[in-house]
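Read through the structure below, which is laid out as structure tokens, and then see the notes.
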Amino acid sequence: MKKQMLSVAVVAGLAASVSTAAMARDTIQIAGSSTVLPFASIVAEEFGNTYSEFNTPVVGSGGSSGGLRQFCQGVGENTIDIANASRPIRSGEIESCGENGVNEILEIKFGYDGIVFASRLDRAEFALTPEHVFKAAAAQLPQDGELVDNPYTRWSEIDSSLPDQEIVLVIPASNHGTREVFEEKVVHPGCDTVAEVEDDACNNLRGDGRIVEIAGDYTETLARLDAQEDAVGVFGLSFYDQNRDRLQVATVDGVTPSLETIGSGEYPVSRPLFFYVKGEHLDVIPGLTEYTEFFLNEMTSGYGSPLEDAGLIPMDEEERAEALEQFQSRTVATGE
């Protein structure tokens, strides 16, 4: 009996400390994906303008992995409320969250985006395939029956139809969800066309300076394209849309990326977008529930919404209703 009373007292004390700590902060804190950053920033501003009783949420970057790492650090005032991600949360991240007392991880899918290959407007146009990209990026390729260090230095050496430009591929670093989609939907299919390269070596990229990894946001990738005229950068479609005056996109497998081709599934390099809400904070951080429901509102992220204007491919009505129902019922993420 005494043990039960002690256990109840400890749980009650922990809940009270979480509530007190969280209530000391009255502004929603968000971090994570660079792809989701512009969408979340728009929603945060609109939310602040619509709900005068709540502060405008603070939205930071750091990449999908970085945001989820912050999210999983624990519960309370000094931890973020929402992690933005351009990929699903992993089971290992859920385990890390649980070890730190974050058990109510609510996954919110809110739309779709595509990964594009962009270059400067003053350079040649690219018509790429996954095989082209893999052969440009791989650490080793077969030659005369054996694997050797990647011999290609110009795109035209890979395929005569490609521009006669130096190979400089600017890609997101491993902290970005975009990197995972790049590997899964471009590098691995390209690798599959080269039988001599084993599956576990598909992600081994060349280290001779022709692959440039960017740990920061897409503005750093854009700066690299400004500095290196032959560079081809990997972006989210929405970022390209914001910089059409400076960039052109490559086709992939003959399909030009657009809202229509991504929405229809015709463009092969697309992905869903998410944010993760810390359920333990819902009843203690002012406006957290309202922000989430506002984000999922058709007027905010549906067709004809500000987020569609910013490059989001909206979900259909059925998907949107399902996402809202999952949030309101506090369905916990299971991870991949």
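Numbers here simply count residues along the sequence, with the first being 1.
Within a 6.0 Å radius of CZ in Arg206, other residues, nucleotides and ligands contribute more than 12 heavy atoms. In Asp144, the CG atom is not crowded: 12 or fewer heavy atoms of neighbouring residues, nucleotides or ligands sit closer than 6.0 Å. When the shell of 6.0 Å around CD of Glu318 is examined, it contains 12 or fewer heavy atoms from other residues, nucleotides or ligands.
Heavy-atom minimum distance, Glu213 versus Arg179: OE1-NH1, 3.2 Å. Closest approach of Val59 and Ala44 over heavy atoms only: CG2-CB, 3.8 Å. Nearest heavy atom pair, residue Leu312 against residue Ser301, reads CD2-O, 3.8 Å. Nearest heavy atoms, Leu259 versus Leu237: N-CD2, 4.1 Å. Closest approach of Gly279 and Leu106 over heavy atoms only: CA-CD1, 4.1 Å. Heavy-atom minimum distance, Ala310 versus Ile42: CB-CD1, 3.6 Å.
Between the side chains of Tyr112 and Glu319, a donor-acceptor pair is found at a separation under 3.5 Å. Using modelled atom types, one finds no donor on one side chain facing an acceptor on the other under 3.5 Å when comparing Asn84 with Ser33. Side chains of Asn150 and Asp208: a donor-acceptor N/O pair is absent below 3.5 angstrom, by distance only. For Asn203 and His188, the side-chain atoms include at least one donor-acceptor pair closer than 3.5 Å. Donor-acceptor pairing under 3.5 Å is lacking for the side chains of Thr300 and Ser305. Side-chain contact check for Thr178 and Arg87: no donor-acceptor pair (N or O, by modelled atom type) lies under 3.5 Å. There is no side-chain donor-acceptor pair under 3.5 Å between Ser34 and Asp217. With 3.5 Å as the limit, one finds a donor-acceptor pair spanning the side chains of Ser329 and Thr331. Residues Glu293 and Gln328 bring a donor and an acceptor atom of their side chains to less than 3.5 Å of each other. There is a side-chain donor-acceptor pair under 3.5 Å between Ser86 and Ser64.
Side-chain contact between Ile262 and Ser258: absent, with no pair of heavy atoms (C-beta onward) separated by less than 4.5 Å. Side-chain atoms of Val102 and Gln73, non-hydrogen and from C-beta on, never get closer than 4.5 Å to each other. Asn103 places none of its side-chain heavy atoms less than 4.5 Å from the side chain of Val332. Counting heavy atoms from C-beta outward, Pro38 and Gln242 have side chains that approach closer than 4.5 Å. Contact check for Thr251 versus Phe126: no side-chain heavy atoms found under the 4.5 Å cut-off. Under the 4.5 Å side-chain criterion, counting only non-hydrogen atoms from C-beta, Ser119 is in contact with Gln248. Contact annotation: the side chain of Ile108 never approaches that of Tyr276 to less than 4.5 Å [non-hydrogen atoms, C-beta and beyond]. Annotation: side chain of Leu205 is not in contact with side chain of Leu169 (no heavy-atom distance under 4.5 Å).
In this structure, the side chain of Asp241 does not engage the main chain of Gly311 through any donor-acceptor pair within 3.5 Å. The closest donor-acceptor contact from the side chain of Glu157 to the backbone of Thr153 lies under 3.5 Å. At distances below 3.5 Å, not a single donor-acceptor pair connects side-chain atoms of Arg90 with backbone N or O atoms of Gly92. Formation of a donor-acceptor pair under 3.5 Å by the Tyr240 side chain with backbone atoms of Phe117 is not found in this model. Between the Arg210 side chain and the Ile167 main chain, a donor and an acceptor come within less than 3.5 Å of each other. Side chain of Arg320 to main chain of Phe110: no donor-acceptor pair is present (N/O by atom type, distance under 3.5 Å, no hydrogens or angles). Here the side chain of Gln228 pairs no donor or acceptor atom with the backbone of Arg224 at under 3.5 angstrom. In this structure, Asp230 contributes its side chain and Gln165 its backbone to no donor-acceptor pair below 3.5 Å. Not one N or O on the side chain of Thr50 forms a donor-acceptor pair closer than 3.5 Å with the backbone of Phe47. With hydrogens and angles ignored, the 3.5 Å screen pairs a side-chain donor or acceptor of Thr292 with a backbone N or O of Leu288.
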TODO: For Asp283 and Arg330, run salt bridge (charged side-chain N to carboxylate O under 4.0 Å, His left out): C-alpha distance rounded to whole Å, both residues' side-chain angles, the deciding distance at 0.1 Å, then the answer.
DONE: CA-CA 12 Å; Asp283 298 326; Arg330 296 201 178 190; 3.1 Å; yes
TODO: Could you please spell out the steps behind the side-chain contact (heavy atoms from CB on, under 4.5 Å) verdict for Val234 and Ile115?
DONE: CA-CA 7 Å; Val234 177; Ile115 305 298; 3.4 Å; yes
Open item on the list: With side-chain contact (heavy atoms from CB on, under 4.5 Å) as the criterion, how do Phe235 and Asn243 come out once you've worked through the C-alpha distance, each side chain's angles and the decisive distance to 0.1 Å?
Closed with: CA-CA 11 Å; Phe235 298 105; Asn243 292 278; over 6 Å; no
- [ ] Just do the salt bridge (charged side-chain N to carboxylate O under 4.0 Å, His left out) check on Lys135 and Asp159 with the steps written out, would you?
- [x] CA-CA 10 Å; Lys135 287 182 174 179; Asp159 189 313; over 6 Å; no
Open item on the list: Evaluate Phe134 against Val194 for side-chain contact (heavy atoms from CB on, under 4.5 Å), listing each step before the verdict.
Closed with: CA-CA 9 Å; Phe134 177 72; Val194 183; 4.0 Å; yes
TODO: Just do the side-chain contact (heavy atoms from CB on, under 4.5 Å) check on Leu273 and Arg271 with the steps written out, would you?
DONE: CA-CA 7 Å; Leu273 301 177; Arg271 40 79 185 282; 3.7 Å; yes
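Using a 30° and 60° split on the angle between ring planes, Phe295 and Tyr291 fall in the perpendicular class, above 60°.
Rounded to the nearest 0.5 Å, atoms OH (Tyr303) and CE (Met315) are 10.0 Å apart. Atoms CD1 and CG, from Ile28 and Asn55 in turn, are 9.0 Å apart once rounded to the nearest 0.5 Å. The CD atom of Glu46 sits 12.0 Å away from the OH atom of Tyr51 when rounded to the nearest 0.5 Å. A distance of 8.5 Å separates CD1 of Ile30 from CD1 of Ile80, quoted to the nearest 0.5 Å. In this structure, Asp81 CG and Thr27 OG1 are separated by 9.5 Å, a value rounded to the nearest 0.5 Å. Note: Glu77 CD to His281 NE2 = 10.0 Å, rounded to the nearest 0.5 Å.
Judged by the 6.0 Å distance and 45° axis criteria, Lys278 is positioned over the aromatic ring of Phe71.
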